[in-house]
**Student:** 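Pasting in a structure now, in structure tokens, and then I'll have a few things to ask.
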Amino acid sequence: MAKIEMKTPLVEMDGDEMTRILWKMIKDELLLPFIDLKTEYYDLGLEYRNETNDQVTIDSAEATKKYGVAVKCATITPNAARMTEYNLKEMWKSPNGTIRAALDGTVFRAPIQVKGIEPCVKNWEKPITLARHAYGDVYKNTEIKVPGAGKAELVFTGADGKEIRQTIQEFDGPGIIQGIHNTDKSITSFAKACFNYALDTKQDLWFATKDTISKIYDHNFKDIFQDIYDKEYKEKFEAAGIEYFYTLIDDAVARVMKAKGGFIWACKNYDGDVMSDMVSSACGSLAMMTSVLVSPSGVYEYEAAHGTVQRHYYKHLKGEETSTNSVATIFAWTGALRKRGELDNIPELMAFADKLEKATLSTIENGKMTKDLALITSMKDVTVLNSEGFIKAVRESLEAML
Ligand code: NAP
Ligand code: MG
């Protein structure tokens with residue numbers, strides 16, 4: 001069988017530990033035999049990041065801007081323990097943070113739903129995609145522990161020297177104060193990324209804040225979303241048969257619990273942090289969660305939502321068998337290949353991505369899975385496979401379909 005040809009290379013960002021092992025197996029077993037795979041390779045493994053003073057991460061982000069689509073393996077974000085373990089020159093920043101900042105992107109996360117692994121919320125028939133605004137608010141705050149009586153004020157000094165001043169509180173004893181901010185530019189990028197992704201995936205978009213209480217701060221988010229929607233997206237949404245709607249965050253939470261899924265839920269930074277953990281844990285496994293970073297200019301970076309699965313890697317190094325789930329990493333590749341096929345007009349590449357996803361899910365539905373899923377499945381008598389065994393089983397299903 002002839003291999004599927006590609007036109008533009010994918011930006012390939014290799015990573016660390018157990019996911020680096022899975023990365024190679026996925027390429028060898030599921031991609032290279034079927035596709036004339038074109039990638040521009042960047043090694044974001046911690047050793048090479050250290051060797052290049054993290055320049056490789058910056059280069060990979062620039063390449064993503066140039067080509068438009070990247071696929072990323074999970075990477076280590078160094079902490080004190082990693083400094084010693086890898087003998088690092090510096091505590092390099094999170095690659096995801098660096099890439100996100102370079103692309104000014106928004107992260108969309110969605111669970112991969114499969115028969116036999118049902119979400120705790122019974123009515124969630126389709127995945128709920130969570131979009132988290134990844135800038136500002138409480139994540140970039142300034143806090144003061146108020147020692148005793150006194151007056152707290154909020155002061156803005158304009159570039160022209162003009163002051164805006166408001167009293168926060170007249171304290172008559174100890175307390176706390178916090179200053180947070182956001183920018184119209186960042187909120188606008190977030191809104192556009194959400195509207196574009198909704199159109200891209202043909203799903204409704206929900207956005208919620210607490211504008212009834214925060215009449216300026218949260219209201220500004222609501223107004224920016226509405227303004228951009230009315231001016232740039234309303235007609236496109238109507239043509240696509242999808243809906244944008246704004247509601248209060250508490251109302252959104254209540255509705256989400258009763259909903260069938262199949263929509264995008266856009267959240268402010270803190271809400272997104274909390275709610276994405278809720279959605280993912282209700283869907284069973286971190287290993288079944290995809291993640292895509294979308295820039296407002298339409299650049300895409302696909303990855304798995306989980307980390308490098310360090311504990312399994314250390315077992316692997318000791319020569320012990322591992323049963324690490326490669327589904328989210330496979331879906332990172334299929335997401336990127338499908339998008340590349342769409343942009344370059346290669347229907348066979350898009351069809352291959354669909355088939356590989358189907359083959360992956362049908363392998364699980366036929367009772368062959370890794371240990372993490374075997375522990376939570378509603379199916380009886382399943383076969384628990386090791387890391388490599390699962391990927392080989394997917395290859396068998398795929399070959400039967402091709
Ligand atoms: P992790 O890699 O997400 O794994 C945490 C635990 O979740 C594992 O020990 C395992 O549980 C389970 N798990 C996660 N993915 C799995 C999979 N594919 N198959 C089976 N089980 C899976 O988080 P971590 O161990 O806390 O972090 C390791 C490294 O990943 C850290 O250095 C961190 O910086 C990095 N990280 C990177 C990213 C990214 O690149 N996007 C994201 C998060 C973390 P059991 O041990 O119980 O089997
Ligand atoms: Mg969290």
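The basis for the numbers below is simple: all heavy atoms, side chains too, and nothing from hydrogens, waters or symmetry mates. Counting starts at 1 for both ligands and their atoms, in listed order.
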**Student:** Ligand 1 versus Lys371, non-hydrogen atoms closer than 4.0 Å: side chain, backbone, both, neither?
**Tutor:** neither
**Student:** Taking distance alone, with N or O pairs closer than 3.5 Å, would you say Asn325 contacts ligand 1?
**Tutor:**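 Looking only at distances, the answer is yes, because the N/O contact criterion of under 3.5 Å is met.
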**Student:** Determine, for Asp28 against Lys24, whether the closest basic-nitrogen to carboxylate-oxygen distance falls under 4.0 angstrom.
**Tutor:** yes
**Student:** Which atoms of ligand 1 have any heavy atom of Ala74 under 4.0 Å away?
**Tutor:**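 Result: 40 (O).
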**Student:** Is the shortest N/O to N/O distance between Gly307 and ligand 1 below 3.5 Å?
**Tutor:** yes
**Student:** Taking Glu303 as the fixed residue, which of Thr19, Asn96, Thr75 is the one that meets the side chain to side chain donor-acceptor pair (under 3.5 Å) rule?
**Tutor:** Asn96
**Student:** Which ligand 1 atoms, with their elements, are less than 4.0 angstrom from a heavy-atom of Leu286?
**Tutor:**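 Heavy-atom distances to Leu286 below 4.0 Å select 3 (O).
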**Student:** Relative to Tyr229, does Lys234 satisfy both conditions: NZ or CZ under 6.0 angstrom from the six-membered ring centre, and within 45 degrees of the ring's axis?
**Tutor:** no
**Student:** Answer yes or no: does an N/O atom from Glu17 fall short of 3.5 Å to an N/O atom of ligand 1?
**Tutor:** no
**Student:** Output the list of atoms in ligand 1 that are nearer than 4.0 Å to some heavy atom of Ala287, sorted by atom number.
**Tutor:**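 That gives atoms 16 (C), 17 (C), 18 (N), 19 (N) of ligand 1.
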**Student:** Tell me whether Asn50 contacts the main-chain N or O of Lys89 through its side chain, where contact means a donor paired with an acceptor under 3.5 Å.
**Tutor:** yes
**Student:** Which ligand 1 atoms does Lys72 reach within 4.0 Å, using its non-hydrogen atoms?
**Tutor:** 40 (O)
**Student:** For atom 25 (O) of ligand 1, what is the nearest protein heavy atom, given as residue, atom name and distance?
**Tutor:**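 Nearest neighbour among protein heavy atoms for atom 25 (O) of ligand 1, to 0.1 Å: Gln310 N, 3.9 Å.
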**Student:** To the nearest 0.1 Å, how far is atom 32 (O) of ligand 1 from its closest protein heavy atom, and which atom is that?
**Tutor:** Arg82 NH2, 3.1 Å
**Student:** Which heavy atom of the protein is the closest neighbour of atom 47 (O) of ligand 1, given with residue, atom name and distance?
**Tutor:**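 The closest one turns out to be Arg311 NH2, 3.8 Å.
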**Student:** Side chains of Asn366 and Ser362: is there a donor and an acceptor less than 3.5 Å apart?
**Tutor:**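 No, Ser362 and Asn366 have no side-chain donor paired with an acceptor closer than 3.5 Å.
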**Student:** Give me the ring orientation class for Phe190 and Phe225: parallel if the planes are under 30° apart, tilted from 30 to 60°, perpendicular past 60°.
**Tutor:** perpendicular
**Student:** Which atoms of ligand 1 sit under 4.0 Å from any heavy atom of Thr324?
**Tutor:**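 It comes down to these atoms of ligand 1: 17 (C), 18 (N), 19 (N).
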**Student:** Answer yes or no for atom 28 (C) of ligand 1: protein heavy atom present at a distance under 4.0 Å?
**Tutor:**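 Given the 4.0 Å cut-off, atom 28 (C) of ligand 1 counts as touching protein heavy atoms.
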**Student:** Taking all non-hydrogen atoms of both residues, which atom of Phe221 and which atom of His133 are closest, and how far apart?
**Tutor:**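 Shortest heavy-atom contact: CE2-ND1, 3.7 Å.
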**Student:** List every atom of ligand 1 that sits less than 4.0 Å from any heavy atom of Asn96, numbering the atoms from 1 in the order shown and giving each element.
**Tutor:**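 The list of qualifying atoms is 39 (C), 40 (O), 41 (N).
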**Student:** Considering all heavy atoms of both residues, which atom of His306 and which atom of Thr329 are nearest to each other, and what is their separation?
**Tutor:**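 Shortest heavy-atom contact: NE2-OG1, 4.0 Å.
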**Student:** Give the single entry among Leu44, Thr75, Thr308 that approaches atom 37 (C) of ligand 1 most closely by any heavy atom.
**Tutor:**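 Looking at heavy atoms only, Thr75 sits closest to atom 37 (C) of ligand 1.
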**Student:** Ligand 1 and Thr77, any nitrogen or oxygen pair closer than 3.5 angstrom?
**Tutor:**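 Yes, at least one N or O pair falls under 3.5 Å.
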**Student:** So which protein heavy atom does atom 12 (C) of ligand 1 come closest to, and at what separation?
**Tutor:**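 In this structure, atom 12 (C) of ligand 1 has Val309 CG1, 4.7 Å as its nearest protein heavy atom.
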**Student:** Using modelled atom types and a 3.5 Å cut-off, is there a donor and acceptor pairing between side-chain atoms of Asp16 and backbone atoms of Ile76?
**Tutor:** yes
**Student:** Going by the closest heavy atom to atom 10 (C) of ligand 1, which one wins out of Met288, Lys315, Met289, His312?
**Tutor:** His312
**Student:** In this structure, does ligand 1 have an atom that sits under 4.0 Å from one of the heavy atoms of Met18?
**Tutor:** no
**Student:** Heavy-atom distances under 4.0 Å are what count here, so tell me which part of Asn79 touches ligand 1: side chain, backbone, both or neither.
**Tutor:** neither
**Student:** One residue to check: Glu303. Relative to ligand 1, which of side chain, backbone, both or neither has a non-hydrogen atom less than 4.0 Å away?
**Tutor:** side chain
**Student:** I'd like to know whether the aromatic ring centres of Tyr244 and Phe237 sit less than 6.0 Å apart in this structure.
**Tutor:**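 For Tyr244 and Phe237, the ring centres are not under 6.0 Å apart.
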**Student:** Return a yes/no value: protein heavy atom under 4.0 Å from atom 7 (O) of ligand 1?
**Tutor:** no
**Student:** For Tyr217 and Asp211, test the side chains for any donor-to-acceptor distance below 3.5 angstrom and give the result as yes or no.
**Tutor:**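 Side-chain D/A pair, Tyr217 to Asp211: absent.
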